[in-house]
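FYI, side chains are in, hydrogens and waters are out, and symmetry mates aren't considered; it's all heavy atoms of this structure. Atoms within each ligand, like the ligands themselves, are counted from 1 in listed order.
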Amino acid sequence: MRERQFIDKIRDRFGGHSPFLLQGIGDDCAVFTETDSTACWLVSTDLLVENVHFLFDCHDPALLGRKSIAVNISDVAAMGGKPLFCLLSLVLPPSLQEEWLENWWNGVQTILDQYGCLLIGGDTSQGDCLTISVMVVGRTQQGRVLYRSGAGIGEDIYVSGTLGASAAGLEMLKKNIVSAEYESLRMAHLDPEPQVEIGCALGESGVITAMQDISDGIATDLSHICQASGIGATIEADALPFPPGLQSFCRKNNLDARKLALFGGEDYQLLFTALPGNRKELEKVAAHLGRTFYRVGFTTKGDGKVFLRSGEDILDITYRGFEHSSSAEADEDE
Ligand code: ADP
Ligand code: MG
């Protein structure tokens, strides 16, 4: 069973209602509130399993500590919120070295400090396989939350930064490629940066219709927005923004930069939609942050399908990203 079908089944079975719940299963975070308050809480949890989500032998423990928290903070950023608290549960194999764990905790501490997020609880157990479960709690105002489901037809699609670096970095780790020239690609994979400042600014801007973070590749993550919003989308292949070094790295290593950017995942940039009439406003937001937002496509009528347009060619890339569930490899042959 595919990851999304698995989650759909859970949602069908447990998707209940509550006056306090604004969004349950199906977005980057669950959103709940007090009925008499304009503020709301964002909650998300993620699981990192040794050699499924990270390569134990390749990942520096301090950077893994940072990444364990970063991927959760990214989900709060993706809803337009600020992370405040986190809970951390660990399954530790007896063979794990104390020094490794100490370094891992150091990484956790640096990223929590960096984002002003407090560790408030968790759980610890022994087991065969190193497993890290993080839950993060964030906050924002109800009117600023950005859901996956708000996109309409005829809107622009943006990404908050370049795509493909993390997937290239993963290739370097797997193939043991060491190169000062491509160090930024390796680091993009080992130490990704959650886009909290951008997420909050976009939430405040009032012009974004839908948003999510890019954890599984833009092909899959845009499919989530399209399905939740009941629309379709087209990505312009030539508009995909590559980070410095990606194309030369790919040429040298017989890889396709475009595929890494579309299907690779773990870039943790934000993916969002807005009406074309708001382009100037978004340029201002980006300039204020000293960042560039890249317009990569547009939304259309459609039933959740995402297409890639390259010259005359149109390719269906719906859900062709990375999945972690048992049956799911990067499914380019689907
Ligand atoms: P993300 O990649 O943004 O972390 P996921 O694809 O993991 O999001 O999850 C999509 C949605 O499904 C989220 O709302 C998440 O909380 C929910 N979900 C995933 N796994 C489970 C589970 N085992 N039980 C309940 N909800 C789940
Ligand atoms: Mg997410």
Side-chain angles (χ1 to χ4, degrees), residues 1-18 21-32 40-49 52-54 67-81 83 86-87 89 131-138 140 145-151 159-161 163 166-167 192-196 198-199 202-203 208 210-229 263-273 304 306 318-328 330-331:
M1 194 188 306
R2 308 206 74 84
E3 193 171 328
R4 60 180 185 276
Q5 288 157 346
F6 179 77
I7 292 171
D8 284 348
K9 273 193 125 174
I10 302 172
R11 176 162 52 181
D12 290 347
R13 186 160 169 188
F14 295 99
H17 295 278
S18 153
L21 189 67
L22 302 181
Q23 169 74 53
I25 294 171
D27 213 311
D28 292 300
C29 292
V31 184
F32 60 93
C40 60
W41 295 97
L42 311 166
V43 188
S44 181
T45 183
D46 259 307
L47 207 51
L48 285 94
V49 179
V52 177
H53 299 91
F54 60 91
K67 187 167 178 175
S68 311
I69 305 292
V71 300
N72 279 270
I73 289 183
S74 177
D75 277 324
V76 170
M79 306 295 289
C86 91
L87 290 96
S89 298
T131 303
I132 301 160
S133 165
V134 181
M135 176 179 168
V136 67
V137 180
T140 186
V145 186
L146 295 172
Y147 299 98
R148 294 177 179 182
S149 56
V159 291
S160 63
L163 303 176
S166 179
E193 189 188 340
Q195 303 296 329
V196 174
I198 294 181
L202 291 174
I208 305 305
M211 184 155 78
Q212 87 152 83
D213 63 337
I214 303 181
S215 52
D216 298 331
I218 188 174
T220 283
D221 292 319
L222 185 55
S223 301
H224 286 314
I225 287 186
C226 286
Q227 193 170 52
S229 299
F263 310 123
E266 294 218 287
D267 285 307
Y268 296 104
Q269 292 296 336
L270 298 175
L271 169 67
F272 52 96
T273 51
V306 176
T318 312
Y319 282 116
R320 275 182 56 184
F322 194 82
E323 291 193 30
H324 290 115
S325 67
S326 53
S327 64
D331 52 341

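- Distances from atom 8 (O) of ligand 1 to the heavy atoms of R148, E3, H224 put R148 nearest.
- D12 has no carboxylate O lying under 4.0 Å from a charged side-chain N of K9, or vice versa, which leaves the two without a salt bridge.
- Atom OD1 is the N/O/S atom of D213 found closest to the Mg ion (ligand 2).
- Summary: OD1 is the N/O/S atom of D75 found nearest to the Mg ion (ligand 2).
- No donor-acceptor pair closer than 3.5 Å links the side chain of Q212 to the backbone N or O of R148.
- Between the choices D75, V43, I214, D216, the shortest heavy-atom distance to atom 1 (P) of ligand 1 belongs to D75.
- Counting only distance, with no hydrogens or angles, the side chain of S74 and the backbone of Q195 share no donor-acceptor pair below 3.5 Å.
- When S74, S215, G26, G24 are ranked by how near their heavy atoms come to atom 2 (O) of ligand 1, first place goes to S215.
- Not one N/O/S atom of D221, from backbone or side chain, sits under 2.8 Å from the Mg ion (ligand 2).
- Looking only at distances, a side-chain donor or acceptor of D221 sits under 3.5 Å from a matching main-chain atom of S215.
- Here atom 13 (C) of ligand 1 lies nearest to D27 when heavy atoms of I25, I7, D27 are compared.
- Minimum-distance N/O/S atom of D28 relative to the Mg ion (ligand 2): OD1.
- Residue, atom and distance of the protein heavy atom nearest to atom 24 (N) of ligand 1 are I10 CD1, 3.7 Å.
- Each of the atoms 4 (O) of ligand 1 lies under 4.0 Å from some heavy atom of D46.
- When all heavy atoms are compared, the tightest approach of S44 to D28 is OG-O, 3.1 Å.
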